[in-house]
Amino acid sequence: MKRIFEEAMLGNIKMKNRLIRSATWEGMADREGHINDSLQQVYEELARGGVGAIVTGFTSVAGDDRYFGGMVRLADDDVVPEHKRLVDNAHRYHCPVIVQLALGEYNGRYRDMRINDLTQEDIQHIRELFAAAARRACKAGYDGVQIHAAHGFFLSRFISPDCNQRSDEYGGSAENRGRLVAEITEQIKKECPHLHVTMKINCSDFVPDGLTPSDSLLICQQCVAAGLDSVEVSGAGTSVPRIKAGVNEAYFKPFALMLAEALTVPVILVGGHRSVENMEAVLNEGGIAFLSLSRPLIREPDLPNRWQNGDTAPAKCISCNGCYRTQAHCCVFRRP
């Protein structure tokens with residue numbers, strides 16, 4: 001029987017519990033993507049709060065990615081020392097850190113450039129952007145990287161038939177649309193063999209002609225064959241409001257259970273976790289190995305410690321999504 005508060009292995013990463021801080025947007029970096037002291041404190045507080053591992057917020061692999069302001073970057077060697085500081089601070093609390101590698105827009109363009117317009121040279125360049133960022137992650141001491149292929153960002157658009165109508169080997173079938181993510185995975189594992197490589201992917205785009213569960217399953221299998229070490233299941237339309245403990249938690253669970261049966265690597269489930277009782281039931285219903293949280297840790301960074309110390313009342317997060325209307329995504333109910 002799986003328990004939340006037991007040691008477990010996420011691939012080659014030893015974790016003190018089965019709780020992961022899912023990547024959460026902070027928007028606190030400067031234009032060059034530097035991690036300031038305030039953001040360093042956010043991560044140290046999370047590590048001190050008892051979570052088993054941290055996935056960092058959206059970290060762009062490109063220096064000219066301007067999809068939105070405040071994004072952290074790993075696109076230049078100059079930022080490696082501040083990433084190393086983040087990792088070292090977390091490791092003091094025996095908390096592994098996985099950096100989320102992402103791309104919002106390519107070549108300084110997003111809305112005016114369709115996936116169909118990319119040349120073979122563009123695709124090769126994108127692969128190298130992710131591989132170079134992974135090499136910097138190794139230098140910074142990260143325990144792993146997460147390829148962000150969810151939530152409508154660049155790779156999510158690339159694997160979605162709603163956005164990708166290419167007629168070459170990178171378009172058409174789910175396998176072709178997943179080829180770039182698989183190639184990125186393979187290149188990172190080749191260059192950084194000891195780095196844990198995970199991927200965040202939508203179970204579905206929940207739009208007509210978008211990514212379907214069967215597409216997502218096939219792409220996950222394709223990436224595992226390329227060397228992927230784990231998968232975090234999410235979906236379009238994240239951050240469902242009005243989550244009630246024991247009522248509508250774990251809203252991506254059905255696909256995650258199916259995926260866990262089909263894959264040979266750990267599956268991580270994010271989305272609507274609020275109570276220890278329901279979370280342990282999810283862990284023991286099937287093959288889901290780890291659970292990740294975002295909004296509950298915005299309100300209570302020390303939530304894992306609270307639960308482990310015996311106060312197992314549900315998370316205080318009421319899923320109002322008010323944090324998204326604040327600077328740096330802070331809980332509107334949490335006093336400084």
Side-chain angles (χ1 to χ4, degrees), residues 22-25 55 57-58 60 65 67-68 100-106 109-118 123 126 130 146-185 198-224 226 228 230-241 243 248 250-260 262-263 267-272 288 292 294-295 319 321 324:
S22 191
T24 302
W25 173 245
V55 180
F58 188 110
S60 183
D65 187 353
Y67 183 77
F68 36 39
Q100 185 185 72
L101 302 183
L103 190 61
E105 61 185 14
Y106 172 66
R109 295 181 288 168
Y110 176 76
R111 303 187 191 285
D112 62 340
M113 187 175 195
R114 295 176 57 83
I115 299 298
N116 303 351
D117 299 328
L118 295 171
I123 291 173
I126 291 164
F130 278 87
Q146 182 177 76
I147 299 169
H148 194 1
H151 303 168
F153 296 111
F154 185 86
L155 291 178
S156 178
R157 289 168 54 81
F158 200 99
I159 65 177
S160 173
D162 184 45
C163 302
N164 182 342
Q165 292 92 34
R166 298 177 67 91
S167 58
D168 62 1
E169 68 268 32
Y170 292 97
S173 67
E175 181 180 8
N176 282 357
R177 286 180 276 113
R179 190 180 306 277
L180 175 57
V181 186
E183 289 176 346
I184 289 170
T185 301
T198 185
M199 174 176 65
K200 193 169 197 173
I201 191 169
N202 289 348
C203 58
S204 172
D205 286 346
F206 301 118
V207 296
D209 302 318
L211 188 78
T212 65
S214 60
D215 286 346
S216 186
L217 173 59
L218 188 151
I219 291 169
C220 288
Q221 292 173 318
Q222 180 181 10
C223 290
V224 168
L228 193 72
S230 64
V231 177
E232 184 182 18
V233 173
S234 188
T238 59
S239 303
V240 172
I243 298 301
N248 55 348
Y251 38 80
F252 299 129
K253 181 181 71 172
F255 178 79
L257 286 169
M258 179 181 70
L259 190 67
L263 299 185
V267 169
I268 307 159
L269 174 61
V270 72
I288 296 169
S292 52
S294 175
R295 289 173 294 174
S319 311
N321 291 342
Y324 298 151

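These values consider heavy atoms only, across backbone and side chains, with no hydrogens, waters or symmetry-generated copies. Keep in mind it's a predicted model, so treat the numbers as computed, not measured.
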Asker: Can you list everything that forms a side chain to side chain donor-acceptor pair (under 3.5 Å) with Glu232? Sequence neighbours excluded, please.
Answerer: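 Testing Glu232 for side chain to side chain donor-acceptor pair (under 3.5 Å), a comparison that skips the adjacent residues, returns Ser22, Gln146, Ser292.
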
Asker: Return the OG to CZ distance between Ser204 and Phe255, rounded to the nearest 0.5 Å.
Answerer: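 Between Ser204 OG and Phe255 CZ, I get 9.0 Å after rounding to 0.5 Å.
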
Asker: Ignoring hydrogens, what is the shortest heavy-atom contact between Glu175 and Gln222? Give both atom names and the distance.
Answerer: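 So the minimum-distance heavy-atom pair works out to O-NE2, 2.8 Å.
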
Asker: With a 6.0 Å cut-off on the ring centroids, do Phe68 and Phe58 count as close?
Answerer: yes

Asker: If we only count heavy atoms from C-beta on, is the Ile201 to Ile159 side-chain gap below 4.5 Å?
Answerer: yes

Asker: Which pair of heavy atoms, one from Cys223 and one from Val181, lies closest together, and at what distance?
Answerer: SG-CG1, 3.8 Å

Asker: How would you list, by chain and number, every residue that makes a side chain to side chain donor-acceptor pair (under 3.5 Å) with Asn164, sequence neighbours excluded?
Answerer: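 Listed in chain order: nothing, the list is empty.
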
Asker: What pairs with Glu183 under side chain to side chain donor-acceptor pair (under 3.5 Å), at least two apart in sequence or on another chain?
Answerer: Arg127, Tyr170

Asker: Could you tell me how the ring of His151 sits relative to the ring of His148: parallel (under 30°), tilted (30 to 60°) or perpendicular (over 60°)?
Answerer: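 Taking His148 first and then His151, their aromatic rings stand perpendicular (interplane angle over 60°).
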
Asker: To check you understand the geometry: which heavy-atom pair defines the closest contact between Cys220 and Met199, and what is its length?
Answerer: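 Closest approach of Cys220 to Met199: SG-CE, 4.0 Å.
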
Asker: Between atom CG of Leu211 and atom CG of Asn202, what is the distance when rounded to the nearest 0.5 Å?
Answerer: 6.5 Å

Asker: Return the CZ to CD distance between Arg157 and Glu105, rounded to the nearest 0.5 Å.
Answerer: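 Arg157 CZ to Glu105 CD: 11.0 Å, rounded to 0.5 Å.
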
Asker: Can you tell if the side chain of Tyr324 reaches within under 4.5 Å of the side chain of Arg295, non-hydrogen atoms only?
Answerer: yes

Asker: Specify the closest pair of heavy atoms between Leu155 and Phe130, including all atoms of both residues, with the distance to one decimal.
Answerer: CD1-CZ, 3.5 Å

